[in-house]
Amino acid sequence: VVKGVANETTIDLTQKGCVITPGDPVPNRYFAGVAVDNPTGEPLTYDWTVYVTPQTTPMVLYSSLNSSNPFDLLPFGNQYLTTNSCIVKLTVNAPDPKRSKSGVWVGRCTYYSGIAN
């Protein structure tokens, strides 16, 4: 089942999803995916970037360039849980760069902003 998350929603990137079979790896609750109408089967790549704005300047939380689809929204770190403005940006790269398209999701993300040593 695919469910979209509306813009201006807060998502918790530390939450885990569900498994059907006990013992299977527990997936992240949130991921980003896209369905592309590609009738000619062009080789497409996907650039995913997650930005957060803890102050006034957006910073990259993580990204995956030339990735496959979908993109796991992985929690970062293991301490300093915080919530900030968040943007998930996708660029679908076509062989002809003029035909590449971008889209964004805008909301808030809860995530870990640091790593304990």
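Computation of the quantities below employed the complete heavy-atom set of this structure, encompassing side-chain atoms and omitting hydrogens, waters and symmetry-equivalent molecules. Remember, it's a predicted structure, so these values are computed and weren't measured experimentally.
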Do you know which of Thr82, Ile11, Asp12 makes side-chain contact (heavy atoms from CB on, under 4.5 Å) with Thr110?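 Only one option passes, and that is Asp12.
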Honestly curious: do [X] and [Y] fall in one hydrophobic cluster under the side-chain, below-4.5 Å linking rule?
X     : Y      : answer
Val5  : Tyr111 : yes
Val60 : Phe31  : no
Leu44 : Val34  : yes

Are [X] and [Y] close enough that some pair of their side-chain heavy atoms sits under 4.5 Å apart?
X     : Y      : value
Leu61 : Thr49  : no
Trp48 : Asn66  : no
Asn93 : Tyr46  : no
Cys86 : Trp105 : yes
Pro43 : Pro95  : yes
Pro58 : Ile87  : no
Tyr62 : Leu13  : yes
Thr53 : Met59  : no

Roughly how far, to the nearest 0.5 Å, is [atom2] of [Y] from [atom1] of [X]?
X     : Y     : atom1 : atom2 : value
Tyr30 : Gln15 : OH    : CD    : 5.0 Å
Ser64 : Leu90 : OG    : CG    : 11.0 Å
Thr14 : Leu81 : OG1   : CG    : 5.5 Å

Please give me the minimum heavy-atom distance between [X] and [Y], naming the atom from each residue.
X     : Y      : value
Pro27 : Val19  : CD-CG1, 3.8 Å
Tyr51 : Lys89  : CE1-CB, 4.1 Å
Asn7  : Val104 : OD1-O, 4.5 Å

Taking Asn28 for its side chain and Lys16 for its backbone only, find out whether a donor-acceptor pair lies under 3.5 Å.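 Such a contact is absent between Asn28 side chain and Lys16 backbone.
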Checking Thr91 against Ser100: is there a side-chain donor and acceptor pair closer than 3.5 Å?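 Not at all, the side chains of Ser100 and Thr91 share no donor-acceptor pair under 3.5 Å.
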Would Arg108 and Glu8 pass as an ion pair if we require N to O under 4.0 Å?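 Looking at Glu8 together with Arg108, the answer is no, because their closest N to O distance does not fall below 4.0 Å.
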